[in-house]
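Notes to accompany the following structure.
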Amino acid sequence: MEFIWYWFAYSFLGYCLEKLFAAATRSKHRLRRCFVFLPLCPVYGFAMLAILLLGAEDLPGAWEQLLLGTLASTSVEYAVHWAYEKLFAVRFWDYSATKCDVNGRICLPFSLCWGVLTLLAVRYVQPVLENYAARLPAGAAALAMFLVALDGILTARVLLVTRDIDALTPRTLIRLRRRTA
């Protein structure tokens, strides 16, 4: 049950990190989200789940955790990007203008950032998160999963119809509903 909360927490923290990065770099996608309603960026949640399931917490040193985080997160990032492209014909990110990229899906500078983020998360965030996640009721996890599933369906609908990540707003969803009604 705790892994559900880990996914939520890291997806939310990733969303916050993306917002800060977009503001700092004055990105044109500053207002974009990964879901229509929920402030979550799933690639961060999936990456951290992979890292935790691979035993990053049990590794003896920082270099081992950093390396595992770099490799596991980069693999997840590539897979998620590929899935978005194949399922929805959208690209949430494109590293093709960055040096050392692979198909615009991953790049060395951000892979190294993943490693550093992993190190910080495993050493400082995860111990606190474990404490809170263990106290949350099971029913709350079911409700949270229901909300993610519902928002995921709505998000998939918007992406399948518009093929545009900037359309991920409640306003677009309402317009789509009016068009099909």
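A heavy-atom distance below 4.5 Å is found between the side chains of F8 and V148. Proximity of E77 to W82: side-chain heavy atoms (C-beta onward) are nowhere separated by under 4.5 Å. Under the 4.5 Å side-chain criterion, counting only non-hydrogen atoms from C-beta, W93 is in contact with V43. Using a 4.5 Å heavy-atom threshold, the side chains of T118 and L66 count as separate.
When atom types are taken as modelled, the side chain of Q126 and the backbone of A121 share no donor-acceptor pair closer than 3.5 angstrom. Here the side chain of D151 pairs a donor or acceptor atom with the backbone of L38 at under 3.5 angstrom.
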**Prompt:** After noting the C-alpha distance and the side-chain angles of L67 and W63, does the key distance pass the side chain to side chain contact (heavy atoms under 4.5 Å, CB included) rule?
**Reply:** CA-CA 6 Å; L67 182 61; W63 286 108; over 6 Å; no
**Message:** Between L71 and W114, does the side chain to side chain contact (heavy atoms under 4.5 Å, CB included) criterion hold? Intermediate values first, please.
**Reply:** CA-CA 9 Å; L71 295 174; W114 277 112; over 6 Å; no
**Asked** Does the pair Y6 and M48 meet the rule for a side chain to side chain contact (heavy atoms under 4.5 Å, CB included), with working shown?
**Response** CA-CA 8 Å; Y6 301 159; M48 275 309 295; over 6 Å; no
**Request:** Would you please test T74 and F110 for side chain to side chain contact (heavy atoms under 4.5 Å, CB included) and show each step?
**Result:** CA-CA 8 Å; T74 300; F110 282 99; over 6 Å; no
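Between Y78 and N103, the side chains place a donor N or O and an acceptor N or O closer than 3.5 Å (distance only, hydrogens not considered).
Under the 4.5 Å side-chain contact rule for hydrophobic residues, F37 and I153 do not share a cluster. No chain of hydrophobic side-chain contacts below 4.5 Å, direct or via other Ile, Leu, Val, Met, Phe, Trp or Tyr residues, connects L20 to Y15. V80 and V90 fall within the same hydrophobic cluster, defined by Ile, Leu, Val, Met, Phe, Trp and Tyr side-chain heavy atoms under 4.5 Å apart, directly or through other members. At a threshold of 4.5 Å between side-chain heavy atoms, the hydrophobic network of Ile, Leu, Val, Met, Phe, Trp and Tyr places L53 and I4 in one connected group. In the hydrophobic clustering of this structure, V116 does not group with Y95; members are Ile, Leu, Val, Met, Phe, Trp, Tyr whose side-chain heavy atoms approach within less than 4.5 Å, directly or through other members.
Counting only residues at least two apart or on different chains, no ring-ring contact (aromatic ring centres under 6.0 Å, His included) pair has a member in residues 117-175. Evaluation of the salt bridge (Lys or Arg N to Asp or Glu O under 4.0 Å) test over residues 121-136, restricted to residues two or more places apart or in two chains, returns none. Within the structure, salt bridge (Lys or Arg N to Asp or Glu O under 4.0 Å) pairs that include any residue of residues 101-114 comprise E85-R105 (at least two apart or interchain). For the salt bridge (Lys or Arg N to Asp or Glu O under 4.0 Å) condition, no pair includes a residue of residues 2-14, sequence neighbours left out. The salt bridge (Lys or Arg N to Asp or Glu O under 4.0 Å) contacts involving residues 41-68 comprise nothing, where partners must be two or more places apart or lie in separate chains.
Applying the salt bridge (Lys or Arg N to Asp or Glu O under 4.0 Å) rule to D94 yields the partners R91; only residues at least two apart in sequence or on another chain are considered. In this structure, F12 has no ring-ring contact (aromatic ring centres under 6.0 Å, His included) partners at least two apart in sequence or on a different chain. Here A50 pairs with V76 under the side chain to side chain contact (heavy atoms under 4.5 Å, CB included) rule; sequence neighbours left out. Listed by chain and residue number, Y44, L117 satisfy the side chain to side chain contact (heavy atoms under 4.5 Å, CB included) test with L17 (two or more places apart in sequence, or in another chain). D164 is linked by a side-chain hydrogen bond (donor to acceptor under 3.5 Å, both in side chains) to nothing, counting only residues two or more places apart in sequence or in another chain. For the side chain to side chain contact (heavy atoms under 4.5 Å, CB included) test, residues two or more places apart in sequence or in another chain that qualify with L136 are W5.
Ring-plane geometry between Y84 and F92 is classed as tilted, the angle between the planes lying from 30 to 60 degrees on a 0 to 90 degree scale.
One finds the OG1 atom of T98 at 12.0 Å from the CD1 atom of I106 (value rounded to the nearest 0.5 Å). Residue I51 holds its CD1 atom at 13.5 Å from CZ of F46, rounded to the nearest 0.5 Å. One finds the CG atom of L49 at 9.0 Å from the CH2 atom of W7 (value rounded to the nearest 0.5 Å).
The two residues C34 and C41 come nearest to each other via the heavy atoms SG-SG, 3.4 Å. Nearest heavy-atom pair, L68 versus G55, reported as atom, atom and distance to 0.1 Å: CD2-C, 4.5 Å. In terms of heavy-atom proximity, S111 sits nearest to T70 at O-CG2, 3.4 Å. Residues L40 and F35 share a closest heavy-atom pair of O-CD1, 3.7 Å.
Other residues, nucleotides and ligands contribute more than 12 heavy atoms inside 6.0 Å of the CZ atom of F3.
Grouped with L112 in one hydrophobic cluster are L108, the linkage being side-chain heavy-atom contacts under 4.5 Å among Ile, Leu, Val, Met, Phe, Trp and Tyr residues.
Residue V36 is tested with V158, L159, T169 for a side-chain contact (heavy atoms from CB on, under 4.5 Å); the sole match is V158.
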